[in-house]
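As C-alpha cells, the structure follows; a few thoughts come after it.
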Amino acid sequence: MSDCIFCKIVKGDIPSTNVFRDEQVTAFRDINPAAPTHILIVPNKHIDSVNVLISDDEPLMGHLFIVAKQLAAREKIDEDGYRLIVNTGVYAGQTVHHIHLHLLGGAPMKHPMG
Ligand code: DGP
C-alpha cells in the first residue's frame, strides 16, 4: 500500500527505531510510547486489520507473537509482565490500518482495560 505509514517503515522509506527484522515481520519503537517499553510488531506485507485475516495468515500471526515473546525477553520485561494489544477498528482506536501488535511493559499497568 503506497500510502501506508507502516509499509513505508518496513521499506525503510521513513525512519524508525527498528529493534528486529526478518523476512516476515519488522519491529520498531512506537513514536508515542505509552509505557517505558512500547514496541510495534508488524507483518512486512500489508494487512489492514484482524478483520481481513485469512487462514493463510495463521503462521504469520503466530510468528508475530513469537517475536513479541523474544523481544519481551530481550527488553527484560518478561518476568514482571507485559501487555500485547491489537487494536481493530474505530471503537478500539485503530489509527494505522496495517495490522500491528503493541508490546507494552516496563511499569505496572492499570487493569481492567477499556
Ligand atoms: P493504533 O492505535 O493501534 O493504530 O496504534 C498506532 C500506533 O502507531 C500509535 O501508538 C502511534 C504509532 N505510530 C504512528 N505513526 C508512527 C510512525 O510514523 N512511527 C512510529 N514509530 N510509530 C508510529
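As the structure is a computational prediction, the values presented were derived from the model and not from experiment. Just so you know, ligand 1 is whichever comes first in the structure, and atom 1 is the first atom listed for that ligand. We number each residue from 1, following the sequence as shown.
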In ligand 1, which numbered atoms sit nearer than 4.0 Å to a non-hydrogen atom of [X]?
X: Asn87; value: 1 (P), 2 (O), 3 (O)
X: Gly93; value: 1 (P), 2 (O)
X: His100; value: 1 (P), 3 (O), 4 (O), 5 (O), 6 (C)

Would you mind telling me if ligand 1 is within reach of the side chain of [X], the backbone, both or neither, using heavy atoms under 4.0 Å?
X: Asn32; value: neither
X: Leu40; value: side chain
X: Ile85; value: neither

ask   = Would you say the side-chain atoms of Thr37 and Glu75 include a donor-acceptor pair closer than 3.5 Å?
value =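 Yes, a side-chain donor-acceptor pair sits under 3.5 Å.
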request  = State, without any angle test, whether Asn87 and His100 hold a side-chain donor-acceptor pair at a distance under 3.5 Å.
outcome  =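 There is no such pair (donor and acceptor under 3.5 Å, judged by atom type) between the side chains of Asn87 and His100.
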inquiry  = With a 4.5 Å cut-off on side-chain heavy atoms, are Val50 and Ile99 touching?
reply    =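 Yes, close enough: below the 4.5 Å cut-off.
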message = Do Thr17 and Phe28 make a side-chain contact, defined as non-hydrogen atoms from C-beta onward lying under 4.5 Å apart?
response =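 No, side chains not in contact.
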In the protein, which heavy atom is nearest to [atom], and how far is it?
atom: atom 18 (O) of ligand 1; answer: Ile5 CD1, 3.6 Å
atom: atom 16 (C) of ligand 1; answer: Ile31 CG2, 3.8 Å
atom: atom 7 (C) of ligand 1; answer: Asp30 OD2, 3.4 Å
atom: atom 4 (O) of ligand 1; answer: Thr95 N, 2.7 Å
atom: atom 14 (C) of ligand 1; answer: Val96 CG2, 4.0 Å

key: Contact summary for Pro43 and Leu64, nearest pair of heavy atoms   =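 In this case the closest contact between Pro43 and Leu64 is N-CD2, 4.0 Å.
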Residue-ligand contact His97/ligand 1, heavy atom below 4.0 Å =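 Heavy atoms of His97 never come under 4.0 Å of ligand 1.
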message = Heavy-atom contact check, 4.0 Å cutoff: does Thr17 meet ligand 1?
response =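 Judged by the 4.0 Å heavy-atom criterion, Thr17 does not count as contacting ligand 1.
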